[in-house]
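So the structure is just underneath, and the comments pick up after that.
Each ligand, and each atom within it, is numbered from 1 in the order the structure gives. Keep in mind that this is a model prediction, so the values were computed, not measured.
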Amino acid sequence: MADSLGLLLCDTLWPKPSRDCLAQLDSDPDPEQEPDIKPDPEPELKPEPESERGHFVDRSVPPPESHPRSVYHAWLASRVPTCQNGGYTSAGAQRPLTRANLRLAQRIAELCVPQIFQIFWSRHPFRAFIMVAFSFVRGTFPVFKGYTHALIINEIQCLLSSGHYTWSYLIRLLGAEFLRLAAEKTLDTFATNNEHLVQNSARFIVEYQQMEQRVRLDIPTLSDPTVRDLLAESDLFVSSFQGVGGFGLLSPFDLIRVFSLISELASHIFVLSTISYGPLSIFALLISFLSAAYPLVQSSLLPRGYHVDTPVYSEEEIRLTEKQEQMRQLSLSDTHRPEVMLFGLGPWILQTWAAARQAVLGLHSSQPSLQSPSSIFSHMNVVEIIAALQNLPFVLMLQTSTSLGSLALYRSSVQSIVYTISTLFITLQMAVQGVFLMGAFCASMEIEPFLQPREESRVKYESWSGGMKIEARNLSYTYPGCTEPALRNVSFTLEAGETLAVVGYNGSGKSTLGKVLSRIVDFNSGELLINDVDVRHYEPAELHRATTAVFQSFCKYNGTVAENVGVGYIHDLDCPAALRKAVQLAEGDHIVRSLPHGINTRLDALGLDSMSYSPSGMGACGARAPWASHGLSGGEWQRIALARAFMRAHQPEVHFLLFDEPTSALDAHAQNKIFQTIDSIARGPGADGDAAKVKTVLFITHRLSVARRADKIAMMEHGSITEFGTHDELLKRGGSYAALYHASV
Ligand SMILES: Nc1ncnc2c1ncn2[C@@H]1O[C@H](COP(=O)(O)OP(=O)(O)OP(=O)(O)O)[C@@H](O)[C@H]1O
């Protein structure tokens, strides 16, 4: 109930435009409308060239002067560095305060602020209103303080000069000051608590939306470099909600503090205007402001590096920064520790890190980074001379018999005005960067997963009783950033209920084919038909529900055995009988029995927690702590992964079983048993040896003694299927399969 409420809430907050609506928007020239950033529909689902598929089809960056039609385009345009031709600034880099960037920020603000505002407003409208109102009220606190202090100083001055020590008025003033302090503290506490509540609610909503969008996105989408940068900046926006200026970033909450600054400024100006100190006032004021502002102006004129803006990094600097971080991570990583120790990588890590770090810190630079003594002295002298000028207005005002209290109030007001203006300026500078991060967040919410079909071309996956029919026609696929295709013109047909063994040399594309068939990665050209329908018409989630798999690089979750197995069919995560059965099918019951807490034993996914040096694994007196996680051997982990796949394999909605080297770490006996299990699952519940097949099976293996069990065998070489048929047919042919088979037996 709570979950659905949360979902409802977030859907309401961030209504996802319907695809029909988005399609209309795409053709609508109105720049105010939000276009979808998914590629145009593929009318006949003909394979398209890679360059035309993807989420941001319009990759052309509009010139900064133009009016970007969407948040995404404005965000993208802001990443083009003004100083270079081509390329983008790295994710998170500070945008320079140019006119073009200010215009882009304004456009993003126009498009995003209403949505972000709704996040604040949606849950606690009254509290959000109070928060803004209190921001104004809190801005006036310093003025009240200055005013009451001035009254007290004046009264003391009056008592001392008159010689009549009547304390009643002073006591009343001190009482008023005490009340002011108490009221300020109470209001402050209430405002802070209120702000925390509104802030935490807003933080939860943006984090929820970030997570929701992240779990939606598929691998092809996430491998797009622009999407990665967009998500990185979106993450920075979400991080900025962690508190005032979290990570040096400006969240919308910090922007609300601008209201406080404005009201503080206004109240100080008002106070100054009420102090009368004679005809020399304008002159005195001018001197006061100049002398108070000079140090701030001076610091903003200091050489680059002292600025608030992050400098623009060169490609070499980015490379060095990545290198230093990579080495730092390597030195901290427990996962890499065994090889770091074994291969004696410590000195190499240290040396590489030191070289990169020194370069990043500019320690190799021949330019002295410190100011020369003469320039330091000149700055110091000027500052001191200017500071001395601050006393001049007092001298002028004393001539006009201004009270001491007024002088104190005057001084604190002048300094506060200068300080508030400089804070406002810095805040607004940071706000521009914050706006671009906000734009990244809003644009990231519009990303549609690459594999998701458009509503108008969607076809519901219809299961066939005998399993899943798979037909590949000239499938080709090249990994992003690679030049050599991993799959080349792969064609084959696997009838529903058949078992296919894919064999071949290392790197021949077997695992890639498995990922393409299970719709984890896409293909660049060709066609893939599932149950005679082009796979691009199906919702990937529907196909995934009909599939179970053990991938070659299966996951090891840092959790209990039950969790590691149960995630295979999340509905039965808490069902001991289903977990036990899956473990039994994977021949893993003896492993579970040997574990200290049975199926509830926590497993050590990194393989290091259970080693003696790990403090987390040891309880009092060096005994094994009950919470300590337990290590497993490679073969034992493989059985856990198999059990996970078996959790859902026998479910009626599952029609395709994919096993990529499922028994590579198992002994021959265990391997045979596992394949018998797979075969019996493929024949349906309670089936005997002659029962009809109800599931299609594809297994990838290097063990040709196992492959011969399959109905069909595909021999892969250099990304292509070079031989296809039964074991006997391929042996008779005397080609690569026959040669490999004879070499292996
Ligand atoms: N994530 C990736 N990014 C880029 N290239 C990849 C990626 N994964 C695999 N490749 C490349 O694709 C080709 C096929 O790899 P694949 O893993 O499909 O081979 P395989 O036949 O399963 O190999 P093996 O028998 O060693 O498991 C190889 O040349 C490999 O280098």
What protein heavy atom lies closest to [atom]? Include the residue and the distance to one decimal.
{"atom": "atom 26 (O) of ligand 1", "answer": "N506 ND2, 2.9 Å"}
{"atom": "atom 17 (O) of ligand 1", "answer": "S511 CB, 3.7 Å"}
{"atom": "atom 25 (O) of ligand 1", "answer": "K510 NZ, 2.7 Å"}
{"atom": "atom 5 (N) of ligand 1", "answer": "Y479 CD1, 3.2 Å"}

Looking only at non-hydrogen atoms, which of G507, P485, G514 approaches atom 19 (O) of ligand 1 most closely?
-> G507
Keeping the roles fixed (side chain from [X], backbone from [Y]), state whether a donor-acceptor pair exists under 3.5 Å.
{"X": "D679", "Y": "F675", "answer": "no"}
{"X": "D534", "Y": "H537", "answer": "no"}
{"X": "Q213", "Y": "I447", "answer": "yes"}
{"X": "N531", "Y": "K469", "answer": "yes"}
{"X": "D711", "Y": "T499", "answer": "yes"}

What atoms of ligand 1 come within less than 4.0 Å of a heavy atom belonging to [X]?
{"X": "Q552", "answer": "27 (O)"}
{"X": "T512", "answer": "14 (C), 15 (O), 16 (P), 18 (O)"}
{"X": "H702", "answer": "25 (O)"}
{"X": "A486", "answer": "12 (O), 13 (C)"}
{"X": "Y505", "answer": "21 (O)"}

For ligand 1, does [X] get within less than 4.0 Å through its side chain, its backbone, both, or neither, judged by non-hydrogen atoms?
{"X": "M716", "value": "neither"}
{"X": "E484", "value": "neither"}
{"X": "C482", "value": "side chain"}

Taking atom 30 (C) of ligand 1 as the reference point, report whether a protein heavy atom occurs under 4.0 Å from it.
-> no
Tell me, do L666 and I674 make a side-chain contact under 4.5 Å, heavy atoms counted?
-> yes
Would you please say whether a donor-acceptor pair under 3.5 Å links the side chains of D229 and T226?
-> no
Kindly assign one of parallel, tilted or perpendicular to the pair H727 and Y741, based on the angle between their ring planes and the thresholds 30° and 60°.
-> perpendicular
Look at the aromatic rings of F237 and F441 and report parallel, tilted or perpendicular, splitting at 30° and 60°.
-> tilted
